[in-house]
Amino acid sequence: MNHHPTLIKNYGPPAFNAVRGQGVYLYDDADNEYLDFGSGIAVTSVGHSHPKWVAAMHTQAATLTHCSNLYGIPGQQKLADRLVAKAGPGRTLFCNSGAEANEALIKLARLHGKKLSGEEGKRFTVVAAKNAFHGRTFGGMGATPQEKIQGGFRPMLEGFKFGELNNIESFDQLVDDSVAAVFIESIQGEGGLFPAESSFLQELRALCTERGALLMLDEVQCGIGRSGHFFAFEASGVQPDAIGMAKGLGAGFPIGAIWVSEPYAALFQPGSHGTTFGGSPLACAAANATLDIIEEEQLIQQVAANSPAWHAQLQKLAQKYPELIAGIRGAGYMVGLVLKPEGLNLSITAAAREKKLLVVPAGNNVVRLLPALIATPAQLSESVEILDAIFANTEA
Ligand SMILES: *Cc1c(COP(=O)(O)O)cnc(C)c1O
């Protein structure tokens, strides 16, 4: 398809017009049915148009959609209670997207550094990871040291340094008394599905505690059940000081959030930060409905139970096509198929779409599989069968 003439060509030309979704299926304007293993980039966590989610949104839209944070919002208070119950003693603040959540975390780091050093502008460095992705705002871009993200937009926001994920020595060298926070994705998504190892997160936790830096985890993509835990970092047993969330939280309605542990939550005071739309009644109804569905349908347990067999099928696929597939990475319903021939991830993504399977490319030659948490073992197997048929017709 061509670009629409009145839309800025900010994205590549679309493959089709999407008009309808139902469960793990997406439909185009010719009513073709696609098995959607992209989920709007890890967003539609309970599937498209889940009846309970739709009913909650109808009711809330007919009651109150927006009132601003000048007033208390009961749905927001309820959602905050639920996120604190998951993350630990602390407080939450709502926004509209992943980049905004991360922006708030970077502001938190600066307030923390100011308090520690007693002076603004002295201790403000955030140490992130080289292969990270934290969003497209100036804060998020600053923490995302990729030429394809930063190029054309310099000068960047200052105050970022970068270590190697899963290399504790590289962080050990960087975290000095100029550093306010360490900021890591528990599982790198856009960068190519690189999980932070449990031992690395544990060592990072100890390092941050010792040096007074906050440990902030970006769970925007890997959080809200996708990994088989509510938060992906739970697998490591580590307790972070702050968490960023978004994508899967509203299951298709924009909402982001940060959780900050009890001692640091007080760094934000009235006037520190703000947003007109963040945490609106409608957005919180979407997130509360999403959490209700995840709990009622035990979706996190389902992801944990279903993923080993699916991962094994994908491993077998990698063994069947050793010239094409290097292996798989990830956790739960967040899996990367790591390909060998340069650029193959783009042609496999297109070929999958032709066979009515939607996947998303990532990083350097990775195909990302991000099914909704409701995907059944049969649907997971179907994705492998479709990929098998594609690789069978692909030349090394
Ligand atoms: C998608 C993503 C973001 C940015 O979220 P937006 O909602 O697109 O602003 C930030 N961090 C991670 C890890 C992401 O995957």
In a check of side-chain contact (heavy atoms from CB on, under 4.5 Å) between L79 and each of N288, T92, V84, which one passes? N288
Ring centres under 6.0 Å, that's the criterion: do F200 and F171 meet it? yes
Whether R368 side chain and P361 backbone form a donor-acceptor pair below 3.5 Å: yes
Are K107 and H273 linked by a side-chain donor-acceptor pair shorter than 3.5 Å? yes
With a sphere of 6.0 Å drawn around NZ of K356, does it hold more than 12 non-hydrogen atoms of other residues, nucleotides or ligands? yes
Out of curiosity, does F133 fall in the hydrophobic cluster containing L193 (side-chain heavy atoms, cut-off under 4.5 Å, transitive links)? no
Considering only NZ, NE, NH1 and NH2 on the basic side and carboxylate oxygens on the acidic side, decide whether R110 and E120 come within less than 4.0 Å. no
If you apply the rule side chain to side chain contact (heavy atoms under 4.5 Å, CB included), what do you find for F37 with L380, and how did you get there? CA-CA 9 Å; F37 273 37; L380 297 173; 4.0 Å; yes
Verdict with supporting geometry, F391 and K320, side chain to side chain contact (heavy atoms under 4.5 Å, CB included): CA-CA 9 Å; F391 284 110; K320 191 168 169 187; over 6 Å; no
Show your reasoning for whether side chain to side chain donor-acceptor pair (under 3.5 Å) applies to T209 and R205. CA-CA 6 Å; T209 303; R205 173 68 279 179; 3.2 Å; yes
Keeping Q221 on the side-chain end and K247 on the backbone end, is there a donor-acceptor pair under 3.5 Å? no
Is it true that N69 and Q76 share a donor-acceptor pair across their side chains at a distance under 3.5 Å? yes
Cation-pi between R20 and Y27: NZ/CZ under 6.0 Å from ring centre and within 45° of the ring axis? yes
Check: L214 main-chain N/O paired with D241 side-chain donor or acceptor under 3.5 Å: no
If only atom types and distance count, is the side chain of N393 paired as donor or acceptor with the main-chain N or O of A389 below 3.5 Å? yes
Quick check: does any side chain N or O of S39 sit under 3.5 Å from a backbone N or O of L370, one acting as donor and the other as acceptor? yes
Would you give the length of the straight line joining atom CG of L26 to atom CG of D36, rounded to the nearest 0.5 angstrom? 5.0 Å
Show your working on salt bridge (charged side-chain N to carboxylate O under 4.0 Å, His left out) between R91 and D81 and close with a plain yes or no. CA-CA 8 Å; R91 290 170 182 265; D81 291 349; over 6 Å; no
Judged by atom type as modelled, is there a donor-acceptor pair below 3.5 Å linking the side chain of S170 to the main-chain atoms of E164? yes
Are V360 and V43 in one and the same hydrophobic cluster, where Ile, Leu, Val, Met, Phe, Trp and Tyr link if side-chain heavy atoms are under 4.5 Å apart? no
Are the aromatic rings of H66 and F277 close, with centres under 6.0 Å apart? yes
Side-chain (Q202) to main-chain (S236) donor-acceptor, under 3.5 angstrom: yes
Starting from L111, can I reach W259 by hopping between I/L/V/M/F/W/Y residues whose side chains sit under 4.5 Å apart? no
Within a reach of under 6.0 Å around CD1 of I8, are more than 12 heavy atoms found that belong to other residues, nucleotides or ligands? no
Please indicate whether N2 has more than 12 foreign heavy atoms, meaning atoms of other residues, nucleotides or ligands, lying under 6.0 Å from its CG. no
Rounded to the nearest 0.5 Å, how far does CD1 of I73 lie from CG of L282? 11.0 Å
With side chain to side chain contact (heavy atoms under 4.5 Å, CB included) as the criterion, how do Y333 and L299 come out once you've worked through the C-alpha distance, each side chain's angles and the decisive distance to 0.1 Å? CA-CA 11 Å; Y333 283 11; L299 293 182; over 6 Å; no
For A372 and V46 the tightest heavy-atom approach is CB-C, 4.5 Å
Would a hydrophobic clustering, with Ile, Leu, Val, Met, Phe, Trp and Tyr connected at side-chain separations under 4.5 Å, put L357 with I325? yes
Side-chain (K340) to main-chain (P322) donor-acceptor, under 3.5 angstrom: yes
Heavy-atom count around E158 CD within 6.0 Å, excluding the residue itself: above 12? no
Is there a side-chain contact between V384 and L314 in this structure, where contact means two heavy atoms from C-beta onward sitting under 4.5 Å apart? yes
Apply the test side chain to side chain donor-acceptor pair (under 3.5 Å) to residues Y34 and D28: give CA-CA distance (whole Å), side-chain angles for both, the deciding distance (0.1 Å), then the verdict. CA-CA 8 Å; Y34 298 85; D28 68 16; 2.9 Å; yes
Do the side-chain N and O atoms of Q22 and S49 include a donor-acceptor pair separated by under 3.5 angstrom? no
Using the rule that Ile, Leu, Val, Met, Phe, Trp and Tyr join whenever any side-chain heavy atoms are under 4.5 Å apart, tell me whether M334 and F230 fall into a single cluster. no
Evaluate the side chain to side chain donor-acceptor pair (under 3.5 Å) criterion for residues H50 and E297: first the C-alpha distance (whole Å), next the side-chain angles of each, then the deciding distance (0.1 Å), finally the verdict. CA-CA 12 Å; H50 190 291; E297 299 184 12; 2.8 Å; yes
Just to verify, which of I390, L337, N365 counts as forming a side-chain contact (heavy atoms from CB on, under 4.5 Å) with I348? I390
Judged by modelled atom types alone, do S186 and E219 share a side-chain donor-acceptor pair under 3.5 Å? yes
Are side-chain N/O atoms of S381 and Q313 paired as donor and acceptor at under 3.5 Å? yes
Between Q60 and T63, is a side chain to side chain donor-acceptor pair (under 3.5 Å) present by the stated rule, with each step listed? CA-CA 5 Å; Q60 190 62 52; T63 308; 5.2 Å; no
Determine whether a donor-acceptor pair (N or O, by modelled atom type, separation under 3.5 Å) exists between the side chain of D218 and the backbone of H134. no
Less than 6.0 angstrom from the centroid, inside 45 degrees of the normal: does K130 satisfy that with respect to the ring of F162? no
Check whether Q188 reaches the backbone of E185 with its side chain - one donor and one acceptor, N or O, closer than 3.5 Å. no
